[in-house]
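By convention in this document, chain letters (A, B, ...) are assigned in the order of the sequence lines, proteins followed by strands, and residues within each chain are numbered from 1. On a predicted model such as this, the values are computed, not experimentally measured, just so you know.
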Amino acid sequence: MNELASVYDPKAVEDKWYKYWEEHGLFSSKPDGREPYTVVIPPPNVTGVLHMGHMLNETIQDILVRRARMEGKNALWVPGTDHASIATEAKVVKRLAERGIHKTDLTREEFLKHAWDWTHEYGGIILKQLRKVGASCDWSRTAFTMDDIRSRSVIKVFVDLYNKGLIYRGVRMVNWDPAARTALSDEEVIYTEQHGKLYYLRYKIVGEDRYAVVATTRPETIMGDTAMCINPNDPKNQHLRGKHVIVPLVGREIPVIEDEYVDIEFGTGCLKVTPCHDVNDYMLGQKHNLESINIFNDDGTLSEAAGLYVGMDRMDVRVQIEKDLIAAGLMEKVEDYTNKVGMSERTKVPIEPKLSAQWFLKMTDLVKPALQAVLDGEIQFHPAKFVNTYRHWMTDTKDWCISRQLWWGHRIPAYYLPDGKVVVAEDIDAAVVKARELSGNNALTAADLRQDEDCLDTWFSSWLWPISLFDGINHPEGEELSYYYPTSDLVTGPDIIFFWVARMIIAGYEFMGKKPFSNVYFTGIVRDKLGRKMSKQLGNSPDPLELIEHYGADGVRMGLMLAAPAGNDILYDDALCEQGRNFNNKIWNSFRLVKGWEVSDSIEQPEHSRLAVAWFTAALNKALAEVKDLFAKFRLNDALMTIYRLFWEDFSAWYLEVVKPAYGTPIDRATRDATIGFFDTLLRLLHPFMPFITEELWQHIAERADGESIMVARIPEPAAVDERLIAAMAVAKDVVAGVRNVRKTKNIAPREALRLQVVGEFDNPLSAIITKLAVLDAIDIVETKDATAASFMIGTTEFAVPLGDSIDVEAELAKLEADLKYARGFLATVEKKLGNERFVANAPEAVVALERKKQADALSKIATLEQAIAALKGARF
RNA sequence: GGGCGCUUAGCUCAGUUGGUUUAGAGCAUCUGCCUUACAAGCAGGGGGUCGACAGUUCGAAUCUGCCAGUGCCCACCA
């Protein structure tokens, strides 16, 4: 048997089996009579590469899908990628810039060609990487959010929502990303604490030789000031009522207005009002009918309208204007100040509030069924704590800004007539028809219509993902859709609960009238072992593919899963992968042992083997039931730990040690067959977590036809468990450990057979196992043990190994005294309870009875120990 | 400023409706072993007054209150 190395080599088998599975079509699914189990992948960015977050997320999905498949369900995992409008466009723009090409030099068509080239070049890398992980996706279904079916779905949905009156175009204050030069939704703005400054600026009061002082964090916006605002109830600023002030440096005269919005306590109680560049100022401008001056270009530089600093970047202006204000004597003071600044989630630059015409989706009614479904538990979140987060967001949802000033994405299907009116239609031909109806001008042609330049938010396509993957928008009655939808489980990070999860639920109810999935498993964030987020800058983010290279895919999968309860961040450490790799090795070596056995039909099954088979059958079934229950609760890490311990402790350390024959001797047929059967089941149980090694060994332990695979083998349903054997084995293990301890402390060789005395009664059905593992000649039931014996207690029973003259009386005494002390302490706690009249009177009878039993047991144990101590003392001389 | 969650062994976490030993697991650590499946291993051991305080109860890691620490989400205070 020693042609097999003692170390398992994942590299030798992983690619082989992945190819085997793929070639035999084991990943693919078609509708049939079985119960469906469907997972859709959270589509990674088409040009992205696999990172640790993906590794965790995809591993979890694969575990769920493989388990479902082995439960006999028709399991389908649909892969795909997302066009990631902003991120991808930014990358393309950057690459073009490296070649000296600016986006503005290109037509939309030329730019899109570059973008598609980029997509074809880098697109799908991540899908190849997923194969290394072992992902059992149905690759024939690979989708892209901008492929034909998904694009038509998006456009159709836009038109439908527009026709329902839920989509509208309007001029609003939106979040503007000056780097990407596009509007963003509220969810794409991340507020972060920034250490900045609070500037106190002097505004000269017209007609007086005094100044009003305004505190602001953004002095560069003063060119857009069109008023100063005070609170009418502010006693310290009463002198400003009805006055005008001069904007510093600019020299423009602006009125002082009054509004209770102003916080009297903040700064000086004077607020500068810049309606174009602040949401609240915009509100004030509307209310008080103020002039608006837009001082910024789309890229965050100062516009002609600013008059000063034209063409400079806003951040540079902030630095320069501070100097200029000081020089002009118009800066009262500057303080350090910490406030929250909205940053673009994608480009990480500060958001600029900007007034612009955008498309919006009304959310108020759409969210209602989606909220209810989660509150009612029709859709379950794991862990459930995220229901709170979800409810919070869903109860006050603002309209969704869905237009982006980008080219890479789905172009908005709105067409403007020459007179500025708009029609929304699925294509240009339909638009012409509608335009003619609208205008009454039948001479209108496509050439007269101008399509909206904007494209849609990426999430406006991914919110349809569970539907559009089955072409459900275009074919709501399709066979695929009705079979696979609603999908079963969704696995994703809580960071996109609003971006994606909530919106998919909304879309599900709005477009299909049904939930998109039944369960959402929220993963945690993968951090380093110090709890820091993984980042390129810190260099603490390992490349999953390198880890796979080093530890094997199974090892990495297991390492991540051991540390990843749903919703908990996982602190990644290479030690986790080592544990995974070590477990692989353990399995491998157990296999080597079993494979090396020579079988003989002429040997009878020994009693200890017969008992071991019976016991392990019970242990295995108990674990099967536990794992099944844990899967139902999405406690995958606990499920894995249960299997880990079953394999390592129960199977390898105990079961195999009982049944393995002495070196060079054959094993009986019955035991060997039972062992192979156990091994088979263990591999199946483990396969969802560690697909490669389990396939490799499963193929080895029996003859398999071509195309057979553990992937489609069934995990057995748990059978009834003989708890008596489980309990008996627990005692047996303790007895064996007790004897081993005696050997160790007395320096008795492992193979030297001993006798074991049991004082009083002992009827363990597994005593043959004890005899075998503890290497005993016999177990003697005795009234009184030898005075010179090393003894130990298990429960209330005393065991003793007679040692004759070789006993170390003092050491033995010390041990017994320690046991006695413990037993007395324990008795004291029990008797304290029983001595409490109110306990005896009020506690349930069963609880009191249990305490009485404990008391009796403790008393008998103490008596036994005292006797043993007395006997030893007698033997001392 | 609101809302939610967490705090149990050195680390990561279990602990179901309060009562199956004086609270468990994995990893780490310590001791002894290269015992023909496996040193990526085997056999043992140590380690926690369950964040603090108060309360309810015959009985609290578990329920209540308050406090401290920590994390997340939301919010227009310049």
Side-chain angles (χ1 to χ4, degrees), chain A residues 1-2 4 6-8 173 191 198 214-218 221 229 261-263 265-267 270-274 278-283 337 339-340 342 353 383 385-393 396 494-495 497-498 529 531 551 555 562-565 567-571 573 575-576 578-597 633 635 637-638 641-642 644-645 652-653 656-657 660 663-664 737 740-741 743-745 749-751 795 822-823 825-826 828-830 833 836-844 846-848 850-851 853-854 857-858:
Chain A
M1 91 175 183
N2 290 314
L4 288 175
S6 67
V7 172
Y8 170 64
M173 202 59 137
Y191 287 89
L198 187 61
V214 168
T216 180
T217 52
R218 302 202 58 193
T221 63
C229 190
Y261 161 76
V262 176
D263 181 354
E265 302 303 318
F266 189 90
C270 295
L271 175 72
K272 67 193 257 338
V273 185
T274 319
D278 183 277
V279 178
N280 300 300
D281 291 11
Y282 175 68
M283 176 272 292
Y337 191 69
N339 68 336
K340 293 222 169 174
K385 67 178 176 181
F386 288 111
V387 172
N388 285 324
T389 311
Y390 180 81
R391 179 179 51 217
H392 201 249
W393 190 74
D396 186 24
D495 50 328
I497 186 169
F498 306 136
K529 63 179 168 186
Y551 299 103
L562 275 174
N568 278 31
D569 286 356
I570 95 159
L571 305 188
D573 188 338
L576 290 166
E578 276 170 33
Q579 195 182 349
R581 180 201 57 185
N582 293 355
F583 186 42
N584 272 293
N585 212 231
K586 187 68 193 179
I587 299 166
W588 177 253
N589 279 297
S590 296
F591 163 73
R592 284 175 68 225
L593 173 68
V594 173
K595 184 173 184 279
W597 284 343
K633 292 171 178 158
R635 293 174 58 162
N637 60 319
D638 291 331
M641 185 49 73
T642 300
Y644 175 80
R645 296 185 59 199
S652 296
L656 288 179
E657 288 302 325
K660 83 174 177 190
Y663 181 71
R740 283 177 182 163
N741 254 333
R743 285 182 193 277
K744 191 177 170 182
T745 50
R751 283 189 217 84
Y822 179 92
F826 176 61
T829 67
V830 174
K833 271 191 199 175
N836 184 336
E837 283 172 27
R838 288 182 295 178
F839 170 73
V840 179
N842 295 325
V847 175
V848 178
L850 187 66
E851 290 301 321
K853 168 96 166 56
K854 286 189 207 164
D857 287 351

So does [Y] get a backbone contact from the side chain of [X], meaning a donor-acceptor N/O pair under 3.5 Å?
X	Y	value
A/D573	A/L576	no
A/N584	A/G580	yes
A/R635	A/P565	no

With a 3.5 Å cut-off and heavy atoms only, can you find an N or O donor on one side and an acceptor on the other between the side chain of [X] and the base of [N]?
X	N	result
A/K385	B/C4	no
A/R581	B/A40	yes
A/E657	B/A37	yes

Selected nucleotide, minimal atom distance to [X] side chain, candidates [options]:
X	options	result
A/N388	B/C27, B/G5, B/A40	B/G5
A/F266	B/U20, B/G26, B/A78	B/A78
A/N842	B/C58, B/A78, B/G44	B/C58
A/Y337	B/G44, B/A37, B/A78	B/A78
A/K854	B/A37, B/U20, B/G44	B/U20
A/S590	B/A25, B/A37, B/A78	B/A37
A/Y663	B/C77, B/A25, B/U36	B/U36
A/L593	B/A37, B/A78, B/G19	B/A37
A/Y261	B/C73, B/A37, B/C76	B/C76
A/Y644	B/C27, B/C58, B/A78	B/C27

**Request:** Mind checking which stems touch RNA chain B? I mean at least 3 consecutive Watson-Crick or G-U pairs, both distances under 3.5 Å.
**Result:**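 B:1-7 with B:68-74, B:10-13 with B:24-27, B:29-33 with B:41-45, B:53-55 with B:63-65 - these are the stems of 3 or more pairs that involve RNA chain B.
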For [N], does either OP1 or OP2 sit under 4.0 Å from a side-chain N or O belonging to [X]?
X	N	result
A/N582	B/G41	yes
A/R740	B/G44	yes
A/K744	B/G45	no
A/K660	B/A37	yes

**Prompt:** Could you walk me through whether A/L198 and A/T216 pass the side chain to side chain contact (heavy atoms under 4.5 Å, CB included) check?
**Reply:** CA-CA 6 Å; A/L198 187 61; A/T216 180; 5.6 Å; no
In whole Å, what separates the [atom1] atom of [N] from that of [M]?
N	M	atom1	result
B/U62	B/G19	P	11 Å
B/A40	B/G45	C1'	23 Å
B/G48	B/U7	C1'	14 Å
B/A60	B/A52	P	15 Å
B/G69	B/G26	C1'	27 Å
B/U17	B/A9	P	22 Å
B/C6	B/G10	P	22 Å
B/U8	B/C50	P	11 Å

Nearest-angstrom distance from the residue atom [atom1] of [X] to [atom2] of [N]:
X	N	atom1	atom2	result
A/L850	B/U21	CG	P	8 Å
A/I497	B/C74	CD1	P	10 Å
A/Q579	B/A39	CD	P	18 Å
A/Y282	B/C77	OH	P	19 Å
A/I587	B/A40	CD1	P	17 Å
A/F498	B/C73	CZ	C1'	6 Å
A/N585	B/G41	CG	C1'	9 Å
A/E578	B/G26	CD	C1'	15 Å

Hey, does [X] reach any base, or is it just sugar-phosphate, or nothing, if we go heavy atoms under 4.0 Å?
X	value
A/V262	base
A/N280	base
A/D573	nothing
A/V847	base

Which atom pair, heavy atoms only, marks the closest approach of [X] to [Y]?
X	Y	result
A/D281	A/K272	OD2-O, 3.3 Å
A/N585	A/V7	ND2-CA, 3.4 Å
A/K586	A/S652	CE-CB, 3.6 Å

**Prompt:** Taking atom types as modelled and ignoring hydrogens, do the side chains of A/N589 and A/R592 form a donor-acceptor contact shorter than 3.5 angstrom?
**Reply:**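 Result is yes, a qualifying pair exists.
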**Item:** Under 4.0 Å protein heavy-atom contact, by nucleotide of nucleotides 12-17 of chain B - B base, S sugar-phosphate only
**Value:** SSSS--
**Prompt:** By ring pair (Phe, Tyr, Trp, His ring centres under 6.0 Å), which residues pair with A/Y8, not counting sequence neighbours?
**Reply:**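 Partners of A/Y8 by the ring pair (Phe, Tyr, Trp, His ring centres under 6.0 Å) criterion, ordered by chain and then number, come out as A/W588.
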**Request:** List the steps and the verdict of side chain to side chain contact (heavy atoms under 4.5 Å, CB included) for A/V594 and A/L656.
**Result:** CA-CA 9 Å; A/V594 173; A/L656 288 179; 4.1 Å; yes
